[in-house]
Amino acid sequence: VSVAAGIGVLIIDGFFLSTLLPLYRAGRLRPADLGLRQTAGGTGAGVVVLAVVAYSLASVIWVLIVHPPRIQSNIAGIAHHSTTVIVLTGIALCVSAPVVEEIFFRGLFYRALRNRLAVIPAAAIDGVIFGLGHTQYPLLVRPELAFFGIIACLLYERTGSLLPGIALHSLIDSTAFESALTGESWIVPILFVALAVGLSITSKMRRPSPLAV
């Protein structure tokens, strides 16, 4: 890991988002057009939990059947670097990458596929391209990423929002970052569970009472 790596990811993500600015300024592209819209807190949290379970089970089954090679995290040893490197890597991995990748692969690419295809083939194509695009991983590992891509497409299809997919993406990447940084992988999941519970409670409190007049 180097400071250039963290900065590089942020620059690439910033460049991609900047290419959308002309359309936004011309009024031809709104954040909602990309799927950046709110979803009901309880619904969003619930489907993300189901997605986590589905992805975890699929990953376990894949590992048991195929026995893909063990890979060393590309952020291994991050704890031994400077605070600047740690912060930049954390922002790039846990915030920037989930947002930009979900906008590109689900908000743009999957949506374009859905203009011509049904849900399943569109999600399958998007997932395969997403998996193959992560060239830093061995081929036998990329089907797991493809399955994640399919799940993210289904989340988008179910909720009409990219936010659940971004949350799932951030959860997975943040857990990997926590593991590389501290050797633990339980703090981030607990924080996400607490956030999901809070969103569910808040959503229920905001619903009007059926007896209200």
Side-chain angles (χ1 to χ4, degrees), residues 6-52 54-55 88 90-135 142 144-174 192 195-196 198-200 202-204 206-208:
I7 293 177
V9 171
L10 294 175
I11 290 176
I12 292 172
D13 289 347
F15 173 76
F16 168 73
L17 292 178
S18 70
T19 62
L20 302 178
L21 284 178
L23 291 175
Y24 174 75
R25 290 176 176 174
R28 297 172 58 188
L29 182 68
R30 300 169 300 169
D33 295 329
L34 297 172
L36 295 173
R37 59 175 70 91
Q38 290 185 347
T39 183
T43 300
V47 293
V48 169
V49 170
L50 290 176
V52 169
Y55 176 69
L88 286 174
I91 293 174
L93 188 66
C94 306
V95 180
S96 181
V99 171
V100 173
E101 288 186 12
E102 290 306 310
I103 289 176
F104 177 77
F105 282 101
R106 261 58 76 177
L108 290 174
F109 186 52
Y110 173 71
R111 179 167 176 166
L113 291 173
R114 281 289 284 123
N115 289 335
R116 295 179 176 273
L117 302 172
V119 174
I120 298 303
I125 293 172
D126 181 274
V128 169
I129 297 299
F130 177 78
L132 292 177
H134 285 72
T135 56
R142 294 185 212 177
E144 293 182 54
L145 301 176
F147 189 73
F148 168 84
I150 293 173
I151 289 177
C153 289
L154 297 180
L155 281 177
Y156 184 28
E157 189 74 34
R158 173 67 178 81
T159 64
S161 171
L162 286 183
L163 299 185
I166 291 173
L168 176 63
H169 202 144
S170 180
L171 169 60
I172 294 172
D173 287 1
S174 298
F192 270 79
L195 178 61
L199 288 173
S200 298
T202 302
S203 177
K204 290 180 180 179
R206 289 179 177 176
R207 291 177 184 173

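Excluded from the calculations below are hydrogen atoms, water molecules and symmetry mates; all remaining heavy atoms, backbone and side chain alike, are included.
Counting only heavy atoms from C-beta outward, the side chains of I12 and V100 never approach each other to under 4.5 Å. With contacts defined as side-chain heavy-atom distances shorter than 4.5 Å, the pair R142/V128 does not qualify. Looking at P31 and Y24, their side chains come closer than 4.5 Å, going by heavy atoms from C-beta outward.
With hydrogens and angles disregarded, no donor-acceptor distance shorter than 3.5 Å links the side chain of S170 to the backbone of A167. No donor-acceptor distance shorter than 3.5 angstrom exists from the side chain of D13 to the backbone of L10, with no hydrogens or angles considered. Side chain of S161 to backbone of Q38: no donor-acceptor contact under 3.5 angstrom is found. Counting only distance, with no hydrogens or angles, the side chain of R37 and the backbone of G160 share a donor-acceptor pair below 3.5 Å.
To the nearest 0.5 Å, atom CG of residue L155 and atom CG of residue L50 are 9.0 Å apart. Atoms CG and SG, on L171 and C94 in that order, are 10.0 Å from each other to the nearest 0.5 Å. The CD atom of E157 sits 9.0 Å away from atom CD1 of I120, with the distance rounded to the nearest 0.5 Å. Distance OG/S96 to CG/L88: 11.0 Å, rounded to 0.5 Å. To the nearest 0.5 Å, atom CZ of residue R106 and atom NE2 of residue H169 are 7.5 Å apart.
Evaluated for a side chain to side chain contact (heavy atoms under 4.5 Å, CB included) with Y110, the options V119, L117, I125 yield exactly one hit, V119.
Considering all non-hydrogen atoms of both residues, L108 and L20 come closest at CD1-CD2, 4.3 Å. Across D173 and P98, no two heavy atoms sit closer than the pair OD2-CG, 4.0 Å. Listed here is the closest heavy atom pair of D126 and G149: OD1-O, 4.0 Å. Taking all atoms of both residues into account, the shortest heavy-atom contact from P164 to T39 is CG-CG2, 4.0 Å. When all heavy atoms are compared, the tightest approach of G131 to L145 is CA-CB, 3.9 Å.
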Given F16 and I103, is the side chain to side chain contact (heavy atoms under 4.5 Å, CB included) satisfied, shown in steps? CA-CA 10 Å; F16 168 73; I103 289 176; 4.0 Å; yes

Could you go step by step and tell me if L17 and L21 meet the side chain to side chain contact (heavy atoms under 4.5 Å, CB included) rule? CA-CA 7 Å; L17 292 178; L21 284 178; over 6 Å; no

Under the criterion side chain to side chain contact (heavy atoms under 4.5 Å, CB included), I'd like the reasoning laid out for V9 against L93: C-alpha separation, chi angles, the key distance, then a yes or no. CA-CA 8 Å; V9 171; L93 188 66; over 6 Å; no

Can you list the steps and then say if Y156 with E102 is a side chain to side chain contact (heavy atoms under 4.5 Å, CB included)? CA-CA 10 Å; Y156 184 28; E102 290 306 310; over 6 Å; no

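Surrounding CZ of R158 are at most 12 heavy atoms belonging to other residues, nucleotides or ligands under 6.0 Å away.
Below 30°, between 30° and 60°, or above 60°: for F109 and F104 the angle between ring planes is below 30°, a parallel geometry. The aromatic rings of F147 and Y55 sit parallel, their planes meeting at an angle under 30°, below the 60° perpendicular limit.
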